[in-house]
Novice: 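Can you read through this structure? Questions will come right after.
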Amino acid sequence: MTELYLPMFIMFAIAAGICAVMFLGGQYLGPKNPTPEKRLPFECGNDTSGTRGVRLSVKFYLTAILFVVFDIEAVFIYPWAALFKGLGWPGFMTMLAFIVALLVALAYCWKKGALEWES
Amino acid sequence: MPTELLKNPYVHGAVYGVVIVTVLMTITAWSIWFERKFAGRMQSRVGPTLVGPFGLLQPLADAVKLLQKEDIVPASADRALFNLAPPLTVLFALGTAAVIPFSPEVIAADLDVGVLWVLAMGGLTVFPVWIAGWASNNKYALLGGMRSVAQGISYEIPLVLAALVPVTLAGSMSISDIVRYQEKNGWVVGMPPGPGILAFLIFFLASLAEANRIPFDIPEAESELIAGVTTEYTGMKFGLFYLAEYLHTLIVAAVGAALFFGGWAGPFGLGSGLHWMVGKTLLLFFGVFWVRWTFLRFRADQLMSLCWKYLVPAGLVLVMLSAFWVHYKAGTRG
């Protein structure tokens, strides 16, 4: 088990090393002359107006909820997909019922207008 | 004995890790040169020509220039998170590469759950983008980050469903097992006539969206959001974001080649080997560039309705169709 995942950690270590070199290289090789103007939030050269606290559309949160529902269902299909050859037609019918339920749920969200971005 | 030494997991991981990371970074650097050249030709320009023959040394010049730029952190930014985001994007992009089988031997870690690992790492890429958007303390960066997260998580679902089709056909989540299955039974794209190619198209579109490539680059729509989450980043930190975008695209092309185009298996019984996998990956990578310079950017609402109203239901139906096909074929055979 450890042997299987060991290369992952090695890979991450190599990647982290490369990132560190690039990051620190940029930090030390570049000039350092921070002025108050440079450190303002950049808005295409205009004076900064308002604060960051902009109101975000509720649709983003709706998308997040839909994602949680459907992505978990999709990942739930994975173990079945790896094993279903041994489950035969009963296994197929069970998953068919599950997918139909998911499609009905999607149709409900659609009907309720949860998928409409503009309105 | 070099071959015996390679069987040691530490040595194997280290050697293939270094080789794969180095090769990927090199291809990525020169793909940026290639894309600029290609885009230039498509727009009746010549692209970079000055640095080296045909501008071939341009990536090195770019790297040196990025390193020499001043590193500005906005006064109101959350400094720690602001600095954390760019390296994280590269880290997650490279983390995916560990499970991609370039040939039966050239693979850093042959995980049983390779497909799941790829999808999980792809899903993680939304975190650094959101961290960058939030920590910049700039409203354009914040909006870009929010859009990017919404797009990334939405397209995650068609991606997961499309990748289920090869998993269903091969009956395994290990990418090398899927490639071996394709070696015996033909590539997934042509497999059950219909679902295979459709699943690949969904996978391709969703990957483009996850990598924020045109026509799905709404998170950094220059005309609306300056540069999205990368607005406040200068010098090498911007370079890291840029590198991660290309790396992610390249790795997604490699995953697509392995899952749908038979990986290291050659077409028409022409043998198999590393060169096939590399060739297919580069061909798909080129396809991404081609799409980028051919199509226009979608609107945010078009993007969302394409995902939820077409790709998600299509993905669910495709999974059942391929499962039906497997059972049907097993039934007729025995």
Side-chain angles (χ1 to χ4, degrees), chain A residues 3-8 10-12 14-16 18-20 22-23 25-27 29-34 36 38-44 50-52 54 56 59-60 63-64 66-67 70-71 74-75 77-78 81-85 88-89 92 95-96 99 102-103 106 110 115-118, chain B residues 9-10 12-14 17-18 21 66-72 74-76 87 90-91 94-95 98 108-109 111 116 137-140 142-143 146 150 153-154 156-157 160-161 164 167-168 171-173 226 231-232 235-237 239-240 300-301 304-305 308-309 312-313 316 319-320 323 326-327:
Chain A
E3 288 178 6
L4 202 55
Y5 284 88
L6 188 80
M8 296 299 175
I10 296 175
M11 201 86 171
F12 274 124
I14 297 165
I18 290 174
C19 290
M22 289 175 73
F23 187 86
Q27 297 268 299
L29 292 177
K32 284 266 175 300
N33 182 23
K38 271 186 201 165
R39 303 190 69 204
L40 284 175
F42 178 74
E43 291 183 10
C44 285
T51 58
R52 185 198 58 185
V54 286
L56 292 164
K59 283 159 198 147
F60 289 115
T63 309
L66 283 176
F67 164 73
F70 282 94
D71 203 47
V75 170
I77 307 175
Y78 266 83
L83 290 172
F84 84 104
K85 276 179 186 165
W89 286 108
F92 177 81
M95 192 42 79
L96 190 65
I99 299 241
L102 263 184
L103 281 172
L106 187 69
W110 196 337
L115 308 183
E116 304 302 329
W117 199 255
E118 297 265 302
Chain B
Y10 291 89
H12 179 97
V18 169
V21 168
L66 281 171
L67 279 172
Q68 288 178 329
K69 289 294 168 193
E70 184 176 356
D71 176 49
I72 302 170
S76 52
V90 176
L91 209 60
L94 280 176
L111 284 194
L116 217 52
N137 215 340
N138 175 322
K139 47 182 168 301
Y140 295 102
L142 184 79
L143 275 173
M146 203 62 172
I153 62 177
S154 294
E156 177 94 10
I157 298 166
V160 168
L161 290 172
L164 257 170
V167 173
T168 312
S172 169
M173 280 194 261
I226 311 178
T231 301
E232 294 290 0
M236 212 57 208
K237 285 187 204 158
L240 284 168
D301 62 312
M304 287 304 183
S305 66
W308 288 101
K309 294 181 186 171
V312 170
L316 286 171
V319 170
M320 283 333 279
V326 170
H327 274 314

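The chains referred to below are lettered A, B, ... by the order of the sequence lines, with proteins before strands, and numbering in each begins at 1.
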Novice: Checking B:M320 against chain A: side chain, backbone, both or neither under 4.5 Å from a heavy atom?
Specialist: both
Novice: Counting distance only, does the side-chain N/O of B:K237 pair as donor-acceptor with the main-chain N or O of A:Q27 below 3.5 Å?
Specialist: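 Judged by distance alone, no pair lies under 3.5 Å.
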Novice: Which atoms of A:L29 come close to chain B, meaning under 4.5 Å heavy atom to heavy atom: side chain ones, backbone ones, both, or neither?
Specialist: both
Novice: So what's closer than 4.5 Å to chain A heavy atoms on B:L66: side chain, backbone, both or neither?
Specialist: neither
Novice: Does any backbone or side-chain atom of A:I14 lie under 4.5 Å from a heavy atom of chain B? Answer side chain, backbone, both or neither.
Specialist: side chain
Novice: Taking all non-hydrogen atoms of both residues into account, name the closest pair between B:L161 and A:A74 and its distance.
Specialist: CD2-CB, 4.0 Å
Novice: Please classify the contact between B:E156 and chain A as side chain, backbone, both or neither, with a heavy-atom cut-off of under 4.5 Å.
Specialist: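 Interface part for B:E156: both.
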Novice: Between A:L66 and chain B, which part of the residue has a heavy atom less than 4.5 Å away: side chain, backbone, both or neither?
Specialist: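 Both parts, backbone and side chain.
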Novice: Against chain A, work out which of B:A150, B:A323, B:G239 has the most heavy-atom pairs shorter than 4.5 Å and name it.
Specialist: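 It is B:A323.
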Novice: When you measure from the side chain of A:Y78 to the backbone N and O of B:V160, does any donor-acceptor pair fall under 3.5 Å?
Specialist: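 Checking the backbone N and O of B:V160 against the side chain of A:Y78, a donor-acceptor pair under 3.5 Å is found.
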Novice: Side chain from CB out, backbone as N, CA, C, O: work out which of these in B:V18 comes under 4.5 Å of a heavy atom of chain A, or both, or neither.
Specialist: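 For B:V18, heavy atoms of backbone and side chain both lie under 4.5 Å from chain A.
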Novice: Can you see which heavy atom on B:L91 is nearest to which on A:A15, and at what distance?
Specialist: CD1-CB, 3.6 Å
Novice: Who wins among B:M236, B:K69, B:E70 for the most heavy-atom pairs under 4.5 Å with chain A?
Specialist: B:E70
Novice: Closest heavy-atom contact between A:C19 and B:P87?
Specialist: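 So the minimum-distance heavy-atom pair works out to SG-O, 3.5 Å.
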Novice: Going through the checks in order, is the side chain to side chain contact (heavy atoms under 4.5 Å, CB included) test met by B:V90 and A:I18?
Specialist: CA-CA 9 Å; B:V90 176; A:I18 290 174; 5.7 Å; no
Novice: Does any backbone or side-chain atom of B:I157 lie under 4.5 Å from a heavy atom of chain A? Answer side chain, backbone, both or neither.
Specialist: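 Backbone plus side chain of B:I157, per the 4.5 Å heavy-atom cut-off to chain A.
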Novice: Decide yes or no on side chain to side chain contact (heavy atoms under 4.5 Å, CB included) for B:W308 and A:F70, but give the supporting numbers first.
Specialist: CA-CA 10 Å; B:W308 288 101; A:F70 282 94; 3.7 Å; yes
Novice: Give the member of B:D71, B:L164, B:L94 that has the highest number of heavy-atom pairs under 4.5 Å with chain A.
Specialist: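 Greatest number of close heavy-atom pairs with chain A: B:L164.
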Novice: Kindly indicate whether the side chain of A:L106, heavy atoms from C-beta on, has any atom under 4.5 Å from the side chain of B:P313.
Specialist: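 Yes, close enough: below the 4.5 Å cut-off.
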Novice: Out of B:S154, B:G95, B:G171, B:S305, which one racks up the most heavy-atom pairs below 4.5 Å with chain A?
Specialist: B:G171
